[in-house]
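The next block holds one structure in the form of structure tokens; read it before the comments.
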Amino acid sequence: MSSFPSAQASEEDAEYKNISEKHRHLIETLPKHNGWWTPYLYNYNGFWLSPNILKSNLILHSYFKPHPTDIFLASFMKSGTTWLKALIFSTLNRHRYSFSNHHLHNHSPHSTFFMLDVESYPITDFTNSLTPRLFSTHFAHTLLPPCMSSCKFVYVCRDPKDVLISMWHFMNKIRPKDLPPLSLDEAFELFCLGVSDYGPFWEQVLSYWRASLEYPDKILFLKYEEIKKEPEVVVRKLAAFFGKPISEEEEEKGEVKEIVKLCSFENLSNLEVNKEGFEKFGTLVDIEKRGFFRKGVIGDWKNYLSEEMKERIDGIIDEKFKGSGLVFATKV
Ligand code: PAP
């Protein structure tokens with residue numbers, strides 16, 4: 001094992017060559033299915049990954065060296081990642097920036113985190129980043145190197161029906177122009193089969209749920225809907241989880257309210273920095289920044305899914321989550 005080598009060195013690195021070989025072999029032998037925005041997804045250790053993300057996972061296992069102070073934000077796609085990045089960054093750095101001239105006024109929430117699933121492709125050197133280093137990932141907990149389990153994780157999940165609709169809109173935006181648009185019926189079928197990037201949805205959620213039960217001091221499990229309902233409670237939870245609880249003085253100064261306001265959909269989506277240009281995710285993909293802010297509400301699925309579709313998703317989730325103790329607001 002070596003630490004993350006530089007991008008130039010990587011090509012000569014024998015381990016990197018092994019990874020490339022293993023990747024080529026996996027692509028030829030793993031079960032595959034048509035994807036949402038890539039031609040195929042591959043089922044690797046129970047999860048559907050696009051080819052580049054699969055390679056990133058192999059690289060991660062060989063090279064990534066977590067620091068004990070690292071903080072990871074994990075989520076299924078479209079479950080509130082952008083929002084949580086802003087909330088975590090501003091909660092952790094509340095003594096560094098004033099709310100009238102805040103870093104997030106001219107830096108996007110995504111720019112404050114390394115996206116682990118793509119930053120490792122090509123291999124990135126994270127050594128110059130601030131402490132704590134902030135990383136985000138959509139990989140299931142069981143797909144991460146075991147050495148990462150000593151670090152703190154915040155996990156956020158969301159009603160799968162809203163995830164599906166958000167993901168469907170998003171994927172049609174990033175889908176290559178030479179592919180026909182993905183219809184909602186196709187997306188729905190794929191989702192119910194569990195075939196979506198990083199899916200099955202329920203397996204990914206359960207991987208963190210189980211880990212959070214086992215290591216409650218290491219994994220803070222949140223739901224998008226609870227943050228919407230009581231954002232201030234969640235900010236206090238985050239601060240305490242990071243070992244920097246909100247003090248009485250901070251409460252009196254209204255810091256929690258300021259954080260919530262700064263990170264609100266209304267505020268973030270109207271900032272110039274989040275409206276113009278592209279978000280770069282490693283060398284994998286550039287995504288229009290405004291694509292991360294659509295409606296930001298609970299229950300938009302009602303505008304798209306029939307009663308029958310709703311029943312089918314709710315039924316799948318009820319069955320998959322049975323006995324886990326995890327309850328979802330699937331019947332909203
Ligand atoms: P990602 O997984 O690609 O990073 P992610 O940020 O998790 O995306 O999800 C985007 C969703 O969060 C969008 O939901 P929608 O399509 O249903 O509208 C987006 O609008 C919503 N979102 C982004 N920022 C916020 C925020 N500050 N508050 C609430 N919702 C938000």
Side-chain angles (χ1 to χ4, degrees), residues 36-37 50 53 72-91 102 104-105 107-119 134-140 154-175 184 187 191 196-199 201 204-205 208 222-232 234-235 238 258-271 273-275 278-282 284-305 329 332:
W36 291 54
W37 68 288
S50 63
I53 298 293
F72 295 89
L73 167 64
S75 57
F76 197 77
M77 293 183 77
K78 304 296 143 197
S79 298
T81 323
T82 313
W83 193 11
L84 257 297
K85 281 181 180 175
L87 284 169
I88 292 172
F89 180 82
S90 49
T91 301
H102 200 278
L104 287 176
H105 289 165
H107 296 83
S108 71
H110 288 285
S111 70
T112 61
F113 278 63
F114 291 109
M115 171 58 168
L116 204 57
D117 318 0
V118 295
E119 290 291 348
L134 302 177
F135 295 96
S136 68
T137 182
H138 293 314
F139 284 129
V154 176
Y155 181 75
V156 61
C157 64
R158 187 182 188 187
D159 182 330
K161 301 186 290 299
D162 281 332
V163 169
L164 164 63
I165 296 305
S166 184
M167 217 159 74
W168 172 61
H169 280 285
F170 184 78
M171 292 299 184
N172 271 318
K173 277 210 168 100
I174 63 170
R175 214 167 137 91
L184 180 55
F191 192 82
S196 64
D197 298 77
Y198 301 96
F201 168 85
Q204 202 262 21
V205 175
Y208 284 96
L222 300 172
K223 294 176 188 159
Y224 183 94
E225 294 75 16
E226 81 174 285
I227 313 173
K228 272 271 168 197
K229 214 167 127 198
E230 296 188 307
E232 293 182 19
V234 171
V235 168
L238 284 171
E258 290 285 4
I259 292 172
V260 168
K261 199 165 90 185
L262 173 72
C263 302
S264 69
F265 181 88
E266 292 65 33
N267 186 55
L268 290 180
S269 62
N270 283 309
L271 291 172
V273 67
N274 295 323
K275 287 204 278 196
F278 289 82
E279 205 69 68
K280 225 176 164 36
F281 290 95
L284 189 58
V285 65
D286 290 356
I287 299 174
E288 254 193 304
K289 285 182 174 179
R290 63 173 78 235
F292 291 98
F293 301 91
R294 195 180 61 91
K295 287 191 179 172
V297 296
I298 298 174
D300 189 40
W301 61 266
K302 291 175 191 164
N303 298 315
Y304 296 91
L305 301 183
V332 180

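The chain is numbered in sequence order, starting from 1. Every number for a ligand or one of its atoms is a count from 1 in the order of the listing.
Close approach to Gly296 involves these atoms of ligand 1, each under 4.0 Å from a residue heavy atom: 15 (P), 18 (O), 20 (O), 30 (N). Those atoms of ligand 1 with a heavy atom of His138 less than 4.0 angstrom away are 2 (O). Annotation for ligand 1: atoms under 4.0 Å from non-hydrogen atoms of Cys263 are 27 (N).
Heavy atoms of Ser75 stay at 4.0 angstrom or farther from ligand 1. Assignment of Met77 to the shell around ligand 1 is supported, since a heavy atom sits closer than 4.0 Å. Using a non-hydrogen distance threshold of 4.0 Å, Lys85 does not register as a contact of ligand 1.
Counting only heavy atoms of the protein, atom 20 (O) of ligand 1 lies nearest to Arg294 N, 2.9 Å. In terms of protein heavy-atom proximity, atom 31 (C) of ligand 1 is closest to Phe265 CD1, 3.7 Å. Counting only heavy atoms of the protein, atom 30 (N) of ligand 1 lies nearest to Tyr224 OH, 2.7 Å. Summary of contacts: the protein heavy atom closest to atom 6 (O) of ligand 1 is Thr82 OG1, 2.4 Å. Looking only at protein heavy atoms, the nearest one to atom 1 (P) of ligand 1 is Lys78 NZ, 3.5 Å.
Some N or O of Lys295 is nearer than 3.5 Å to an N or O of ligand 1, by distance alone. Ligand 1 has a nitrogen or oxygen under 3.5 angstrom from a nitrogen or oxygen of Gly80. Note: no N/O pair closer than 3.5 Å links Phe76 and ligand 1 by distance alone. In terms of polar-atom proximity, Leu268 is not counted as a contact of ligand 1, lacking any N or O under 3.5 Å from an N or O of the ligand.
The proximity of Phe292 to ligand 1, defined as any non-hydrogen pair under 4.0 Å, involves the side chain as well as the backbone. The residue Ala86 has no part lying near ligand 1, judged by heavy-atom distances below 4.0 Å. Residue contacts with ligand 1 for Glu266 are absent, since no atom lies close enough (heavy atoms, distance under 4.0 Å). Neither the backbone nor the side chain of His169 has any atom closer than 4.0 Å to an atom of ligand 1 (non-hydrogen atoms only). Contacts between Ser166 and ligand 1, counted as non-hydrogen atom pairs separated by less than 4.0 Å, involve both the backbone and the side chain.
For Lys261, the NZ atom sits in a loose shell: 12 or fewer heavy atoms of surrounding residues, nucleotides or ligands are nearer than 6.0 Å.
Using cut-offs of 30° and 60° on the angle between ring planes, the pair Phe170 and Phe292 is tilted. Ring geometry for Tyr208 against Tyr155 counts as parallel: the plane angle stays under 30°, on a 0 to 90° scale with 60° as the upper cut.
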